[in-house]
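Here's the structure we're looking at; comments come further down.
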Amino acid sequence: MSGYTGDPRIRPQEFLPWIIAIVAFFLLPEYLSLGARIVVYILFALSLDLILGYAGIITLGHSAFFGLGAYTAGILGAKFGVSDPFLQLVAAAGAAALLGISTGAVILRTKALTLLMLTLAITSIVLEIANKASSLTGGADGLSGVEVAPILGLFKFDLFGRTAFIYCLVTLFLGWLLVRRLIYSPFGAMLTGIRENAARMHAVGAPVYWRLVLVYTLSATLAGIAGALLTQVNQFVGLNVLGLEPSGDLLVMLILGGVGRLYGAFVGPVVYLVAQDYLAKQYPEYWYFGIGVLLVVVVLFARGGILGIFDTWLQALSRQRSSARASAR
Amino acid sequence: MILYVISVGLSVTMGLMGFINLAHGVFAMAGGFILSTAMTSFGLPFPLAVLVAFIVVSAGSIVLERLLYSRLYAAGELAQVLFSIGLILISMALARLIYGNLAAPVFLPEYLRGQVHILGRDFPTYRVFLIVFSALLIAALWFGVERTRWGAMVRAAVDNRGMAQSVGINTRQLFMATFALGSGLAGLGGALGADILAVQWSYPFEHLVYFLIVVAVGGLGSLRGPFVAALLIGVADTACKYWIPEFGAFLIYVATMGILLWRPMGLFGVRA
Amino acid sequence: MAASALATEKLCKSFGALTVADNINFRLAPGARHALIGPNGAGKTTFVNMLTGAIAPSSGRILLGGEDITKVNQAARVRRGLGRTFQITTLFRKLPVLDNVALGIAEREGVARRMWKPASRHGEIIGEAEQLLATLGLAADARTPVQDLPYGRQRLVEIAIALGLKPRVLLLDEPAAGVPSQDSHHVLDVLAGLPANIAILIIEHDMDLVFRFASRITVLVQGQVLVEGTPHDIAADRRVRDVYLGEATHA
């Protein structure tokens, strides 16, 4: 629980994701490239949760920032010989931030469907640009041969994906620290206020619009970093990082895990990508069908996603226990 | 013009029910598939097949509405967006399973193929037919909404649902009927347009952005809005692709953004 | 003459052909206890919405402590010291009472922008919120979500949030509306105990409350000020009786 009555101390369960990640590193070396992909999407999902789960902005255009970050890193590495991974990250973050603040300032005055449409329009525009500027982006073929120098000059990106995984994990860790701090801070409480009752926030003197632009920009920056990570891991970037599809996928992942719960962004991508890796290859038609059904079911019956179900179950358990205790007296 | 037929239904349902239904394209796709199946497997003539498409899709939409949509009226935008995305995915998967990867084959009847000679120039017969049909449709819809009692009730309910209910208008039935009409129109559009907008499993997704643009730009809850918007987009799209092929669809999005920022409720919007 | 705490000059508002506010010249003195009454549809809520900045007037000026705020947006007016409560409770329903109040205090103190130190460690904000809740008798509910409180106490939370902003002027929009009669005395006590240096304008239909609370009353009818004066003047004024209190005085 965040806010002024919440408890910001790190609870023991919060170490779980990191423990699992490290264990996976040692026990599942064949799956590290999938693991890196999952980590990237967790960061991407965290960025979306910041604006969707906490500030209440519904967007289908978050892939614009992800894609821009991915292409920035890619173009730097493939066309301009800038191969230092940190430089690529910083550039990607900067580009995404710029796009975030400029588009945010323009569209955050609108609401609901109009806002949704505008986010969609923006990511479609970025997709079109990437498609057409093929000399820079490789167009429909994508950009391969992205050079990524060894990290700190020491750790080369090896074929097994070990370096990539740890690199992504560390970046995620830093991103997570930042997001967690933000959520428990007064700023985070204020975001929750905007989500819960924007009219009230206006009436307590909050400059809502500027706050939304700020969090939108932060979120865009994180998404851009996630995109850059993906490019660096694959040493390739293609058009599939832009447009409606990755935004939609991400939304599904986040809903699956649970919106506005910080760790929904962890659970969702893990479940989705692991399932996709296994099922989509075997039965592609059934994959879409399954996701569709899952989505409908979640929306109708389990709005809080997997973590929401978990919560309800835990609450039911503790109620059972306390009533058992009461009747035992 | 196909965009118009398909989108006007969306504008009405979204404007009327306030429900963000991204899955509207599903009904259009269904219409297209039904037309194709009716003609190829059952040998129905074109006009009859189109009618069948309209009726079946309307009926199907009522079932969906009763079972699923109606539970989400008060659920908030996010839930509605997610729900309709889910529907899209399900229907796309089903379409692929049933019809495979190829576009549904559509054979236009003889009298609609070829060209007509009007005012000294040749136009594709089918497109002329579509424009005429759309014009008739808008006239019929306009008449229906402006002049009949049903239309008055719909307008009242769009304006203020609570008030309409307290005056004794059965809004639940009204919504159901209007949703059926809107979805039926989508099916009709999908069927009629099958020759131009190929009907295949990825249809709802591919054209989603266009439908939404037409509706958002045209304005929710209005009939004229999507007409004008579809017209604008059709013209602009062709013009842009002709004169500035480099930028293609790009400008449509920019134009959409421009219009939405200038008029957030759309050009003729009744309700945001 | 000291500047009014809040004033309007020739304030007008029309929606197309419908005029809801017609040339309203209004003065709220510093430290005032002023009530605005009038029949339903008189335009009271529109007037308040113009004062707070939710609606823009068609013409005229609004002055807060002598400064022209006609073009200033809602949130900025709040920061300049204009607070309000809403007729329909507008609260953060799922959040605890303490958070509801703390959010406002944090805005006032400029703390709401901070992104590093956890909110729950901001002792000054929490302390002030708890004190405020105590003065309104809400201390026990500090950690209860607002939606779990009875309606009467929710109305008090409305007032608490507004007070937390340390306003110079406070607009109370039907504070006792919908409160069951056994709880409304509590609302009254709270109103009576409000700091003397805040200028208060209360919109109310409950005539008992109005006559006990206000030292000046303005009567608004069809968007125009009918008459303004002390409770005694208003009660004696024939026009007011005809228009508004007519039914009550028949008894």
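What you are looking at is a predicted structure, and each value in this text was computed from that prediction instead of being measured. So you know, we letter chains A, B, ... as the sequences are listed, proteins then strands, and number each from 1.
Of the two parts of A/Leu127, neither the backbone nor the side chain holds a non-hydrogen atom closer than 4.5 Å to a non-hydrogen atom of chain B. Residue A/Val298 does not touch chain B at all, counting heavy-atom pairs closer than 4.5 Å. When heavy atoms are compared at a cutoff of 4.5 Å, A/Leu52 approaches chain B solely by way of its side chain, counted from C-beta outward.
Between B/Ile90 and A/Val293, the closest side-chain pair of non-hydrogen atoms falls below 4.5 Å. Residues A/Phe289 and B/Leu94 form a side-chain contact, since some pair of their non-hydrogen atoms from C-beta on lies under 4.5 Å apart. The shortest side-chain heavy-atom distance between B/Leu261 and A/Leu118 falls under the 4.5 Å cut-off.
Of the listed residues A/Leu294, A/Ile255, A/Ile107, the one with more heavy-atom pairs under 4.5 angstrom with chain B than any other is A/Ile255.
At a heavy-atom separation below 4.5 angstrom, chain B is approached by no residue within residues 190-198 of chain A. Proximity to chain B among residues 256-267 of chain A is not found for any residue, judged by heavy-atom separations below 4.5 angstrom.
Distance check, rounded to the nearest 0.5 Å: CG of A/Leu120 to OH of B/Tyr253 gives 8.0 Å. Taking CG from A/Leu295 and CG from B/Leu87, the interatomic distance works out to 9.0 Å, rounded to the nearest 0.5 Å. Distance check: A/Ile291 CD1 to B/Leu89 CG gives 7.5 Å after rounding to the nearest 0.5 Å. The distance from atom CD of B/Gln80 to atom CD1 of A/Ile58, rounded to the nearest 0.5 Å, is 9.0 Å.
Take A/Tyr71 and apply the ring-ring contact (aromatic ring centres under 6.0 Å, His included) test, not counting sequence neighbours, and it matches no residue. Checked against ring-ring contact (aromatic ring centres under 6.0 Å, His included), B/Phe83 has the following partners two or more places apart in sequence or in another chain: B/Tyr69.
No more than 12 heavy atoms of other residues, nucleotides or ligands lie within 6.0 Å of CD1 in A/Ile101, so this atom counts as exposed by the packing criterion.
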